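Below is one structure; the comments refer to it alone.
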Amino acid sequence: MNETDTLEYFETILKNDPEKSEAVAAIETLFHYIKLDDAETLHGFMENIQKASKWLEESDLSGAVTSISSGCQLFLRFITLAKDPENMESDIQKCKGILVKRGHDFLDKVKTLRKKISKLANPFITDGSTILVHSHSRVVLQVLKQAMQDKKRFTVYVTESNPDKSGHKMVNKLTDVGIPAILVLDSAMGYIMEKIDFVMVGAEGVMESGGIVNKIGTFTMAVCAKYLNKPVYVLAESFKFARLFPLSQEDVPNKFKYKASKLNDKVDLTKEHPNVDYTPPSLLTLLFTDLGILTPSAVSDELIKLYL
Amino acid sequence: MAGIKKPKGEEFKKEDILQAVVIADSFDKKFIPVTNLKPRALLPLANIPLLEYTLKKANWLAPSSPVSITTVVSEDCLSVGDALRDISAKSLISNDFILVNGDTVANVKLKPIIEEHKARRLKDKQVMMTMLFKKAPPLHMIRQQQDDIILAVKSADSRLLRYDKPGNKKKFKLPLLRYDLMDTGISICSPHIPELFTDNFDYQTKDDFVKGILINEEIMSNKMYIHVLDNEYAARVSNISMYHAISKDILARWVFPIVPDGSIADVNSCRYSYGRHNIYLHKTVTLARYSCNNVKLDGAYIWDNVHIDNGCQLTFCLVDDDVHLMNNVKVQRRCVIAAKVVVGENQTLSPGCRLTAQPPSDDKINTTPDTDVVGEDGHGWVYLRHIDRDDEDVYDLEEEMCRMKIDSDEEDDDKETDSEMMFLEEVISTLQKAVMVKTDWDNVVLEVNSVKHAYGIQIKEVNQLLTKAVISLPLKSESSQESVDYLKQLTSECCKDNSAMQKVVVKVIHQLYEDDILSEDVILSWHGAQLDDEEVDAINIRKRV
Amino acid sequence: MWLRNGQMETIDIQIKDPIVRNKVDGLIEDLKHGNILGSYQLAKNTVEVLLHMISKEELANVKKLISVIREQGQRLMSAQPSETVVGNMVYRVLKIIRDECRAIDETAEEQSQESIQKSSTAPGDDVSNKDILSLKKLLLAEGDVDISDKSISSLKAPIIDAVNELLVELDTSQENISAQALEHIHSNEVIMTAGQSHTVEAFFKKAAKKRTFKVIVVECAPFYQGQKMATNLASAGINTTLITDSAVFAMMARVNKVIIGTHTVMANGGLKAINGCHAIALAAKYHSVPLVVCAPMYKLSPKYLCSCDQVAFNKFASPEDVMSFSEGEILSKAQIYNPIFDYVPPELVTLYIFNIGGNAPSYVYRLLSELYDTEDQEL
Amino acid sequence: MPGNQDSASRSPLSQQTPSRGRRKQKSNPRGQSTPQLQGQTPQQNQNIKNASPGEGDTPKTKAQLRAERRALQEAQRAAKAATKQSPSTPVSTKKTPRKFGLQMQDTADKHDKVSISGGETPRNVTSISTIQRRTGFFAHLPRYQHNVSLTKDANPKIHPAILKLGLQYVEGVICGSNARCLALLGTLKQVIETYSTPKQKELSRDLSTNLKKNMDFLAQSRPLSVGMINAFKHLKSCINGIPREKAEDEAKQDLYGCIDSYKQSILLAGKAIAKNLIENDKITDGDTIMVYAFSSLIKNVLCEAHDKGKTFSVIVVDGRPKLEGREMLRRLVKHGIKCSYILISAASYVMREVTKVLLGAHALLANGYVMSRVGSSQVALIARSYNVPVLVCCETYKFTEKVQTDSFVSNELGDPNSLVQIGKKENYLSNWKEQKSLHLMNFIYDVTPSDLISMVITELGMVPCTSVPVVLRIKQV
């Protein structure tokens, strides 16, 4: 299974189910890949997988490079966890079997994650509250819908979030389900901030520091919120946890910030708009994940548990 | 009916078993017609039957102590007095007990007060009761003109010297008067109070009793004490404006820990959530995002499954269960709508009017709903069109006070007069009967007496009326013959060798003659008839005539 | 897990033993009328009742036991929602039960997954093993350890022991905290405290044995626990100054440490403390004075604060204390509030002193995961 | 005995003061000082009486005092009864005798009688030091003491009106910086009226020294407020401005003019501030405004706004021990404004509904800090944490060159015993004096840092509170 097939498969997944997160799509793709993979040795097998994940990360198919890569990372970790010494060298097929089986359970579980999150976040959306949302996030959308079904009355302000104007998409989706949503300029964050009760954003990747990498503008929003003592809530499934510890915006890997195409044809990055920025944990109030409600400091704990 | 509740702490020794008497009936018509269907003690206040509030006290006394409640139903009770007599008859009271009305709302910790009371009783046996009062200066929202009182209290030991309603025009010479107190309807009584009630049948209400005790204090040397609540809350839902006031207080949490969001009734506790500005929402309540039907509720009390259609406006009124208000109904101040009434479209209920679903008992004629009030498609009868005097609004209280007085006394004297009239009618008819059938006088007297009791007329009035009747009797008499007998009766009855009376009789006869009530021949015939018997006086009477 | 909850309803959760039932109902009554004062007593009583339940109730299996405790715990909590301690204790006991079961499991079966788990986690850190909802669990797609069918007989003894240990912990917590006093109070310090907290009182008295320092007590109107605190401290010979609530900011300039007790420690490291503490915390922050909170572990609640108006977060007493009812007509025109608690966000808290030692607010989540089982929180 | 003579010579004066007082207090909006003048007079004389023989035989005084005290208690009881009905302003006539009575009473339990009749006897000192033990960091502040010995050095230099004023300050009959300042001006006027230049003395010199003495006396009764100091400065400058050749009565006329105009300026300032606030929509419909304790200025502003048809609600925050907020609440409610009432400890609960905080001020310091009733700073702090703007209303005559960065450097200590009463059955502190290591601290003012205050509204308009020096400079020229 070569690069193009992989990417096509990946694309089709996303197309079929636009609600699916890129990370999940990537993981699914990889599962699909290992099914078809014909490596003889474990070593080769691993190499192939890494190759595939590299393809995905460098693809321009979606903006969310971060989540893809975190997904892939998770997958690799998953393999390493899954391969248990005794049956591993015996034959690779057996091992694959195990992997595939587990993979399915995993993907099943993944489906329930957002429901869990929205259940956790629901009480925080109190009746009559006003919420500021940045860009387009599936989790946030789900949570808001849930709140709407619970007959809560709330208003949502959505930043249009240039460059890709994904805010418009968000607003439409909200208004479709009858939630009063108002589109605001990115530059109006500070202006709107004093009206709202709290900020609610998704995340492309949750870093080890407990901070998040997310659509450009999130950092700005968090800073404004901090100044006016408004809580910032982050909604993220646990598969978005990534083993990265950015110290500054500069420190965030370029492959996250810029489209792979740009990186490949060596354009002058100083002239480029980054797609994401990094929000340090000190600006975040709580993270709602399927692992429960976490303070930023709790995130690293979870990651440590996973990767050590 | 009166329910008597006797909490018994089993772990107590015999003598400190604590008893409480809860008078479940209010013996008045303040909430009529709502109280036609359910007794006041069961009316919901903040969605909890009033009785609940009262019964709670059992728990404050001895937390989680087993409480045994015996209800005594006595049909013939017409007043607190009767209830207590009944109790003493059944001899249920063995000890100091708490006397509470079923409509009391309070968060008082009674224990210390009871101790206090007992301590006093140890000192002298004559301590009758300790009444609980709440400090509420005049113009206080919770002050009610009809039950406001002037007390004279000995500040030293808070002993009650004088207890009066300001209604009567007495001048108080006593020092240390208190006008800033309000009766909470709770009092701790010593066991022989029921006997006292039995001894004296004039004690109808507690007020009577207290007054009575205080008046003949010198003789019986029974003492009353009061206890003024400072930090605690207690009040009686004695009428609709009190209902309003107390509900407000409960919502403003004055009765803490009895608050809607707290667990008052121990059924699944904490059913309400507390919001800012004292807003309480039931767990199940969901608020619509947009409210289209412009219904205005202002100080309206609405009970179970009431149906209010669009555009209704309710201002400070009481709406009982299953009432249906159709579109654009306007309910103005102080209206009371009893259960199952339906008010048709675009009706406006005048202030203070009260509606019931069944025709009021007193008039049999109108079995059709008063459509002029409830509208064509409505269903219900007017119980009372004009504003009920007692529960006037609390805010315009001052001018209320004076109006009150005027109203009340003119009211009762005209009541008196008409009862007299009726009595007169009765008596006259009796006499006529008597005259017709020549019943001997004893029976007549008997009858008259019975009539007197029926109409509750004092004896002096009876005499006066009786004579009046006697004299005006002939007006009714058709035939001359009757009048003759009448005269006979008259003389024979009241002129037994009694010159003074004779003079009167002569005068009467003469008068009657003058007025051509008795015709010449009647007198003559009578004169003739008289000849045979009782010569003497007859003669001298005749002379005079 | 949702499945598990689903099953809950089907199981009947009535208490059979009459004595136990009485105990529970009695506790509920007491809660409702606030007869039990002090969260320590509350915690103690709750645990004792639960202990009774465990020992007396004859139940088929653990699942039944858990469901019963959950159900009764639910009743207890709803009796006085603002008393979080009760809930905490219920969760603790549940956690204990689950742990005991798992302990047995682990000894019983040696699966490959388990071994992986062992190898992949820091040795000795047994909590992470039992943390059901870890990312790895998700990844390895492990089912939760099924404890439903364990027979109670084998477990009863260890569970009861564990609960007794919990009781011991409750008893000793105060000493443990005050034992750390000398690490936090050096001589000639000026320390501000608010309201009355037995823990803090003990803390000061302990320190006063060795060091001399000034204590400034905020009186905390309208309940004035502060005044009581002040008299207590003064009678213990500590140089005490009482100030009004309004003087906190002015005074803070001279204070070099604020040590307060609290009613509850929220899951995010925030405080639910006596009314007025937020102002104190802010003032401390403004003058960058460290705010130290003495809290026994049983005050640690797994609940988050969703919003300050959250149901059952705060409690509102009668306005009587603020303005007397006999004030008359203005009462009917003006609203008077008398909240009891105050929320202090975690960023204002410098340090927690638990009976297990000092911790930063950011570490609270960790303690939570050790104390409580995530599975129990969706009650 | 000089004292007796004084009282004798003084009494006619103190009789005639009221009438004059009434005339000149017309402009005063609260019009409280007139009644006091009258209400105070009897006590005044009494006090002088019981003071003056104090130097002489003690037993006689004792008896006298006891009698008086009883009388006062009666008066007080009566006053209580009276005041119960109609909510009376803290500065109203009714309270005057009562308050006085109260003070007399508890001074009685605190000091032995001798100390009442004054004379810095050693026992007196001890008795004071039991009232207020030195608490470390307040060693520098004047300890609170009942200045019952006010009248002990009643030398002829001190004008009776001033004595009276001093007492009124001590007993808190006149409180609030505006009230105090206005009262002061009124009294100074009386002083000047009764002043006559001695032979071979120069009016400007002698008068100013005379007044200075009086001011010192007042200062000892209660520390002078910035407003008062400024006012006095102003008056002094007027006096110095008087050319020596001017005839005495003309000069007096000038001074009257100067005083009255100053008074006017204060009152007008209040109105101007209200106008500024309202016209600049600093109070808009739907506002929820938080106010702290009592401030005549704030009250007037709010009432004004209400009359202008603004629909807003007010949250009155109150702080112990004075609970002046209740007065505020009463007046606002009476004026038909929708109010809520809380204690300061609950401030952070209600703050999230508040849209603006209005604070009065005792003084505005040159470094932009605001000196105000203790607690104001805390309210401001909480407001800041909820991003609620804090507006300080202050007349420019309260601006001062003084600089202060915390509430300790110069502050005033109130009566510690006022903390004991908590309106409950049992007071925790009833025997706090026995506990040697327990101190009660009750100070009157605190200083709010400028960064907690959004703006200051003066009659000159709205300024950031950092630009106090600018305002001062403008006022110079």
Side-chain angles (χ1 to χ4, degrees), chain C residues 190 214 216 218-222 224-231 233-251 253-254 274-279 282-283 285-286 308-309 314 319 321-324 327-330 333-339 341-343 348, chain D residues 87 135-137 292-293 316 318-321 326 329-330 332-334 338-350 352 373-378 380-382 384-385 405-408 411 419 422-424 427-429 432 435-443 445-449 452:
Chain C
V190 180
K214 287 204 187 71
I216 297 169
V218 185
E219 69 177 4
C220 289
Y224 305 103
Q225 305 96 323
Q227 297 198 345
K228 252 167 97 230
M229 180 78 156
T231 42
L233 291 177
S235 53
I238 302 172
N239 181 337
T240 315
T241 308
L242 183 84
I243 61 169
T244 58
D245 304 88
S246 45
V248 165
F249 184 86
M251 209 61 176
R254 289 290 177 282
I274 178 176
N275 197 4
C277 280
H278 187 221
L282 285 171
K285 192 78 173 177
Y286 186 87
C308 281
D309 299 352
N314 211 334
D321 309 311
V322 179
M323 184 180 269
S324 158
E327 276 289 332
E329 74 238 79
I330 59 169
K333 302 199 187 65
Q335 279 185 322
I336 299 168
Y337 302 113
N338 184 10
F341 298 121
D342 218 343
Y343 172 66
L348 297 181
Chain D
T135 44
F137 16 72
Y292 180 70
V316 180
D318 207 348
R320 284 187 73 243
R326 294 189 176 187
L329 181 67
R330 258 185 223 100
L332 292 178
V333 165
K334 203 172 245 92
K338 187 173 170 297
C339 289
S340 314
Y341 175 88
I342 56 163
L343 290 180
I344 190 166
S345 48
S348 74
Y349 165 72
V350 290
R352 62 173 49 235
R373 170 71 64 223
V374 65
S376 310
S377 56
Q378 203 165 330
L381 180 70
I382 299 169
R384 156 56 49 90
S385 75
T405 52
D406 66 13
S407 316
F408 294 83
N411 201 332
L419 296 193
I422 57 176
K424 285 206 172 77
N427 295 339
Y428 302 121
L429 299 174
W432 67 278
Q435 295 186 298
K436 284 281 159 281
S437 54
L438 178 58
H439 316 276
L440 302 194
M441 180 62 56
N442 167 25
F443 46 112
Y445 300 114
D446 68 3
V447 172
T448 312
L452 295 180

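Source: prediction; values computed, not measured. Each chain gets a letter, A, B and so on, in the order the sequences are listed, and its residues count up from 1.
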Practice task
Apply side-chain contact (heavy atoms from CB on, under 4.5 Å) to C:Phe249 and D:Leu452, showing your working.
Solution key: CA-CA 12 Å; C:Phe249 184 86; D:Leu452 295 180; 4.0 Å; yes
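- The candidate with the highest count of non-hydrogen atom pairs below 4.5 Å against chain C, out of D:Ala293, D:Ser348, D:Ala347, D:Gly319, is D:Ser348.
- Counting only distance, with no hydrogens or angles, the side chain of D:Gln378 and the backbone of C:Ala283 share no donor-acceptor pair below 3.5 Å.
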Stepwise side-chain contact (heavy atoms from CB on, under 4.5 Å) check, C:Met251 with D:Asp446: CA-CA 9 Å; C:Met251 209 61 176; D:Asp446 68 3; over 6 Å; no
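- Distance check: D:Leu343 CG to C:Ser246 OG gives 10.0 Å after rounding to the nearest 0.5 Å.
- No donor-acceptor distance shorter than 3.5 angstrom exists from the side chain of D:Ser437 to the backbone of C:Thr240, with no hydrogens or angles considered.
- At a 4.5 Å heavy-atom cutoff, the contact between D:Val350 and chain C is made by side-chain atoms alone.
- Looking at D:Leu332, neither its backbone nor its side chain comes within 4.5 Å of chain C, counting heavy atoms on both sides.
- The two residues D:Phe408 and C:Ala250 make their nearest non-hydrogen contact at CE1-O, 2.9 Å.
- The part of D:Ile344 that comes within reach of chain C is its side chain, from C-beta onward, which places non-hydrogen atoms under 4.5 angstrom from that chain.
- Looking at D:Ser385 and C:Lys285, their side chains never come closer than 4.5 Å, going by heavy atoms from C-beta outward.
- Note: D:Gly375 leads D:Pro321, D:Gly375, D:Ser376 in heavy-atom pairs under 4.5 Å with chain C.
- Contact of D:Leu329 with chain C is made through the side chain alone, with heavy-atom distances under 4.5 Å.
- Annotation for C:Thr231 and D:Gln435: closest pair O-NE2, 3.3 Å, computed over non-hydrogen atoms.
- For the atom pair NE2 (C:His278) and OH (D:Tyr349), the distance works out to 15.0 Å, reported to the nearest 0.5 Å.
- Of all heavy-atom pairs spanning C:Val322 and D:Arg326, the tightest one is O-NH2, 2.6 Å.
- Atom OG1 in C:Thr241 sits 8.0 Å away from atom CG in D:Leu438 (nearest 0.5 Å).
- If you measure heavy-atom distances from C:Tyr224 to chain D, the contacts under 4.5 Å come from both the backbone and the side chain.
- A donor-acceptor contact shorter than 3.5 Å links the side chain of C:Gln227 to the backbone of D:Leu419.
- Using a 4.5 Å cut-off between heavy atoms, C:Asn275 contacts chain D through both its backbone and its side chain.
- Proximity of a side-chain donor or acceptor of D:Ser345 to a complementary backbone N or O of C:Cys220 within less than 3.5 Å is not detected.
- For D:Val447, the part lying under 4.5 angstrom from a heavy atom of chain C is the backbone only.
- Between chain D and the residues C:Asp245, C:Ile274, C:Asn338, the most heavy-atom pairs under 4.5 angstrom are made by C:Asp245.
- Contact count against chain D (heavy-atom pairs under 4.5 Å) is highest for C:Thr244 among C:Thr244, C:Asp321, C:Leu233.
- Between C:Arg254 and D:Asp406 the shortest side-chain heavy-atom distance falls below 4.5 Å.
- The minimum heavy-atom distance between C:Ala247 and D:Val374, with the atom names listed, is CA-CG2, 3.7 Å.
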